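Here the structure is a predicted model, which is why all the values come from computation and not from measurement. Remember, it's 1-based here, ligands and their atoms both numbered in the order they're listed. All values below come from the heavy atoms of this structure, side chains included, with hydrogens, waters and symmetry mates left out.
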Amino acid sequence: MTAPLIDPFARAITYLRVSVTDRCDFRCVYCMSETMTFLPKKELLTLEELDRMCTTFVHMGVKKLRITGGEPLVRRGIMTFFRSMTRHLESGALNELTVTTNGSQLEKYADDLYAAGVRRINVSLDTIDEQKFADITRWGRLPQVLRGIDAAQKAGLRVKINAVALKGFNEDELATLTEWCASRDMDLTWIEVMPMGDLGNEDRVGQFWSLKDVRKAYEQHYQVTDLAENTGGPARYVRLEQTGQKIGFITPLSHNFCESCNRVRLTCTGELYMCLGQEDMADLRPALRDNPDSEDALRQAIRDAISHKPKGHDFDYSRQRADGQMPRHMSHTGG
Ligand code: SAM
Ligand code: SF4
């Protein structure tokens, strides 16, 4: 074990999010265009390289790994990678191995994930209306995802639902979605839509449903108690007293959370993004590939990268345009 990773603002970096593929079997309207061009396979880190990357981060003090994408569970052989991470859980070096998924492959993989040591997963689901689900994901089908959630819960995985808050789309489902989650003992987190990717004809400002307003909507139906809990991440939590549920709010735009940021993101090509909302990144692939037998060069490259972690992002909708907008797709950096 080496000295912990500390950035210039004295934040300890203990959380790595890893995008294992940019591909996906859905085409959510706020995330990808229908005609996405994906990276050629040879550009991707191999599963073995992903293992070496993650292992080095774990050796440098990362305690939590979240596997994401694209859709992480469509990457061929991905269970091999999950199983290889089990050793870090067993040694106690890693506290948590988790995944963010659209749920489409959970029916197939839920048991394997549990066996690999995964205990909690996030499933992204913006609506429980079959037609609206098909509209927002373009290629997704709700029954398949619901079967996946059933399989996950049956396997013993704790499921949290993440929903993107979209004005005029799921505003009317606030109570339905909340009660549905409560009936299945699942927490729910709302995410504000972010100005990522190529907006094309999408009206991201018009779609923006501030989580301040989501919270107000909850207050009309429930007794809402603020929770002090802070995961070092962008989510703030409340409890609904009537259901006992924890509701999260990820507010990159209406509330700035950067001061407590403990995370960095690795893309499927080996680029390390120090902040989701900034272009600053370091390409770790040369250090990885040029030194197959030693971690030293990679460790140094990681330390150099962390020494450039910016203070925060610049997203801002307050002037009614998507300021601070990033041309990168969420599926590239890993949501
Ligand atoms: N495919 C997986 C999934 O959908 O859960 C993992 C990757 S996806 C990029 C991760 C999360 O990012 C999802 O919850 C998705 O809803 C969210 N996301 C994608 N584009 C977004 C955007 N423009 N604004 C806010 N959240 C977004
Ligand atoms: Fe795929 Fe997730 Fe993006 Fe939807 S949000 S297109 S499921 S990567």
Inset, instruction - Would you check if atom 1 (Fe) of ligand 2 lies under 2.8 Å from any N, O or S atom of Cys24? - result: yes

Legend entry - Within-cut-off N or O pair, Ser124 and ligand 1, under 3.5 Å: yes

Legend entry - Contact atoms of ligand 2, heavy-atom distance to Cys28 under 4.0 Å: 4 (Fe), 5 (S), 6 (S), 7 (S)

Legend entry - Gly70 neighbourhood, listing ligand 2 atoms whose heavy-atom distance to it stays under 4.0 Å: 8 (S)

Inset, instruction - Mind checking the OH-CD1 spacing from Tyr237 to Ile250? Nearest 0.5 Å is all I need. - result: 6.5 Å

Inset, instruction - Could you tell me whether the side chain of Arg239 and the main chain of Lys246 form a donor-acceptor pair under 3.5 Å? - result: no

Legend entry - Per-atom contacts of ligand 1 with Val193, taking only distances under 4.0 Å to non-hydrogen atoms: 24 (N), 25 (C)

Inset, instruction - Would you mind telling me if ligand 1 is within reach of the side chain of Thr100, the backbone, both or neither, using heavy atoms under 4.0 Å? - result: both

Inset, instruction - For the pair Arg285 and Glu49, find out whether any cationic side-chain nitrogen is under 4.0 Å from an anionic carboxylate oxygen. - result: no

Legend entry - Enumerated ligand 1 atoms positioned under 4.0 Å from heavy atoms of Val164: 16 (O), 26 (N)

Inset, instruction - Could you tell me whether Asp187 and Arg120 have a side-chain N and a carboxylate O separated by less than 4.0 Å? - result: no

Inset, instruction - Taking only Lys NZ, Arg NE, NH1 and NH2, and the carboxylate oxygens of Asp or Glu, determine whether Asp111 and Lys154 approach each other closer than 4.0 Å. - result: no

Legend entry - Electrostatic pair Arg215:Glu219 at N-O distance under 4.0 angstrom: yes

Inset, instruction - State the atoms of ligand 1, each with its element, that fall below the 4.0 Å cut-off from a heavy-atom position in Tyr30. - result: 16 (O), 18 (N), 19 (C), 20 (N), 21 (C), 22 (C), 23 (N)

Legend entry - Closest heavy-atom pair and its distance - Gln242, His221: NE2-O, 4.1 Å

Inset, instruction - Would you check the N or O atoms of Thr68, main chain and side chain alike, for any that come under 3.5 Å of an N or O of ligand 1? - result: no

Legend entry - Note: Asp150-Arg184 ion pair, threshold 4.0 Å (strictly below): yes

Inset, instruction - Please state which part of Thr101 comes within less than 4.0 Å of ligand 1, counting heavy atoms only: side chain, backbone, both or neither. - result: backbone

Legend entry - Under 2.8 Å: N/O/S of Cys31 next to atom 4 (Fe) of ligand 2: no

Legend entry - Nearest neighbour of atom 1 (N) of ligand 1 from the list Cys24, Ser104, Gly70, Gly69, on a heavy-atom basis: Gly70

